[in-house]
Protein chains: 4
Amino acid sequence: MEFNNCSPIYLQIIDNIKQDVVMGKLKTGQKMPSVRELAGKIKVNPNTIQRVYQELEREKITFTKRGMGTYLTDEEKIIKLLEEEISDKIIQEFINGMNKLGFSNDKIIGILQEYL
Amino acid sequence: MEFNNCSPIYLQIIDNIKQDVVMGKLKTGQKMPSVRELAGKIKVNPNTIQRVYQELEREKITFTKRGMGTYLTDEEKIIKLLEEEISDKIIQEFINGMNKLGFSNDKIIGILQEYL
Amino acid sequence: MEFNNCSPIYLQIIDNIKQDVVMGKLKTGQKMPSVRELAGKIKVNPNTIQRVYQELEREKITFTKRGMGTYLTDEEKIIKLLEEEISDKIIQEFINGMNKLGFSNDKIIGILQEYL
Amino acid sequence: MEFNNCSPIYLQIIDNIKQDVVMGKLKTGQKMPSVRELAGKIKVNPNTIQRVYQELEREKITFTKRGMGTYLTDEEKIIKLLEEEISDKIIQEFINGMNKLGFSNDKIIGILQEYL
DNA sequence: GTGGTCTAGACCACA
DNA sequence: GTGGTCTAGACCACG
């Protein structure tokens, strides 16, 4: 896995996991790799993964069974929210960029349709 | 002006200038600030600005009059191309992001319309 | 049964038994389980239970009949004292906590009434 | 500063700080000691304090000026909420304890008044 | 100087 | 084995 310097590694890992969840690569209720396993796989310190899982748990995207491991939530509502959160971020970034270029919201859709 | 570590500073400055051109903040044919002036204004090494102007000239976005300074091109065609280049970049990034989330091109427009 | 690390396990067991006595779950004069039985039930070393019973007997809460086992006292006075001891501990802890927060004793009752 | 083993050190520090805020020992808007300073003072690793401040910031109890330090919030609303959170926790624990002993809510106030 | 991130390595409780 | 906490020490960007 490759990381850039724009944002902390742990945030990049979080975003990747969220994306995998939304795309269905990771399925609801599924067991996540252990802290050490994932750390070894992507060549990162276990503490970093620990922080990733901690953050994901705070956002209710994962839950933890003591001594058993970390699991993806099986609440569809959370997944739904996550999907909206991520796509909204992308859409907002797009609209902002186009607005900066001087395109009104009305024109944006036209341009997009033309592009596709 | 703020810079991030993802891409070289000179590229970030170039993008900013291009954006200003497209938005009309900088007008065709207008004289650009001198290397030293711009360098001082955004607190950057003059060599960096030198490289910025060099690159802009290579792309025909600016031209230099010996001893007079650097000027924005007044060829509308160039501006037009520039506008397309930038907006295409934004659009492409948007489409890529949505595709990664599993949305087909057909769905993207629907989602965007709903969002606006 | 779950234990924490703040105080020795035997003290935690004693507190639980005292609570059961006060609540009437254990009735005056009743035979207590044998050391081995209780140790097995709550998965604790018999020596720990031995110490529990020893301590309870020292406080006159239980007495032993040689060869017959351990029994809860049937002296109401002891039970009464026990009840006061436990509730006083809880109340004192509560008052201390509220005092630390800057509430005078006068205010505490008002706050409690409001809460209930 | 002394810590027990019941809960993580960082949580105990957080609770202490919250208590100081509620009691007015720390005043709104005030600068908190730096990570390293506090770490040295209470003989704890800077990372632990880092986590403390991070958690407090997440709860909006502190905010951070980059390169300047960590500051207590000056929003009275947050402080008010904090005060309620802490006192509610203490009160709830008290009521639970008394209920376990078989005292109804009605009786609790009477007992408390008698005690004081 | 500040907070923020990261690595390395350790110990703990739980199952 | 698992996650959770903690220490030690390092480097970074910001002001």
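Order of the sequence lines sets the chain letters (A, B, ...), proteins ahead of strands, with each chain counted from 1.
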*Is any side-chain heavy atom of B:Y53 less than 4.5 Å from a side-chain heavy atom of B:T64?*
no

*Taking only side-chain nitrogens and oxygens of A:T64, does any of them come within less than 4.0 Å of OP1 or OP2 of F:dG3?*
no

*Residues forming a side-chain contact (heavy atoms from CB on, under 4.5 Å) with D:N99, sequence neighbours excluded*: D:I95, D:N105, D:I108

*Should A:I17 and A:M32 count as side-chain neighbours, where that means a heavy-atom distance under 4.5 Å?*
yes

*To the nearest Å, give me how far apart NZ (A:K31) and P (E:dA15) are.*
15 Å

_Expressed as a whole number of angstroms, how long is the span from A:Q54:CD to F:dG3:P?_
13 Å

*Within less than 4.0 Å of OP1 or OP2 of F:dT5, is there a side-chain N or O belonging to D:Y10?*
yes

_Contact between C:Q19 and D:K100 at the side-chain level, heavy atoms closer than 4.5 Å - yes or no?_
yes

*Which residues within residues 11-20 of chain D lie with some heavy atom under 4.0 Å of an atom in DNA chain F?*
none

*Does D:V35 or A:P8 map to a spot on DNA chain E nearer the 5' end, using the closest nucleotide for each?*
D:V35

*Respond yes when some side-chain nitrogen or oxygen of A:R51 is under 4.0 Å from OP1 or OP2 of E:dC6, and no when none is.*
no

*Heavy-atom distance under 4.5 Å between the side chains of A:V21 and A:L26, does that happen here?*
yes

*asked:* Please classify the nucleic acid contact of A:R36 as base, sugar-phosphate, or nothing, using heavy-atom distances under 4.0 Å.
replied: base

*A:F63 CZ to F:dG3 P: how many Å, rounded?*
13 Å

*Hey, does the side chain of D:Y53 come within less than 4.0 Å of E:dG3's phosphate (OP1/OP2), counting only N and O?*
no

_Nearest-angstrom distance from the residue atom CZ of A:F3 to C1' of E:dG4_ = 17 Å

Listing time: all N or O pairs from protein to nucleotides 7-9 of chain E that are below 3.5 Å?
from, atom 1, to, atom 2, distance (Å)
E:dT7, OP2, A:N45, N, 3.1
E:dT7, OP2, A:T48, OG1, 2.6
E:dA8, N7, A:N45, ND2, 2.9
E:dA8, N6, A:N47, ND2, 2.4
E:dG9, O6, A:N47, OD1, 3.3
E:dG9, O6, A:N47, ND2, 2.9

_Just to be sure I follow the notation: if a pair is Watson-Crick (purine N1 to pyrimidine N3 plus N6-O4 or O6-N4) or a G-U wobble (N1-O2 and O6-N3), each under 3.5 Å, what dot-bracket string does DNA chain F give, with | for pairs to another strand?_
||||||||||||||.

*Integer-rounded Å distance: E:dG4 P and D:E55 CD*: 13 Å

*asked:* Are D:E85 and D:L81 packed together at the side-chain level, in the sense that at least one heavy-atom pair is separated by less than 4.5 angstrom?
replied: no

*Taking only residues two or more places apart in sequence, or in another chain, which ones meet B:R58 in a side-chain contact (heavy atoms from CB on, under 4.5 Å)?*
B:E55

*Within-4.5 Å side-chain heavy-atom neighbours: A:F3 and A:K43*: no

*Rounded to the nearest Å, what distance is computed from the CD atom of residue D:E57 to the C1' atom of nucleotide E:dT2?*
13 Å

_The criterion is side-chain contact (heavy atoms from CB on, under 4.5 Å); which residues satisfy it with A:N47, sequence neighbours excluded?_
A:N45

*Using whole Å, report how far CE of D:M32 lies from C1' of E:dG3.*
14 Å

*So, do D:V35 and D:T70 sit near enough that their side-chain heavy atoms are less than 4.5 Å apart?*
no

*Looking at side-chain heavy atoms only, is the closest gap between A:M1 and A:N16 below 4.5 Å?*
yes

*asked:* Within the 4.0 Å heavy-atom criterion, would you say D:Q50 contacts the bases, only the backbone, or no part of the nucleic acid?
replied: base

_Is there a side-chain contact between A:S34 and the phosphate of F:dT2, meaning an N or O under 4.0 Å from OP1 or OP2?_
yes

*asked:* A quick test of your reading: do over 12 heavy atoms of other residues, nucleotides or ligands sit less than 6.0 Å from CD of C:E93?
replied: no

*asked:* How many whole angstroms separate atom CG of B:N4 from atom C1' of F:dC14?
replied: 15 Å

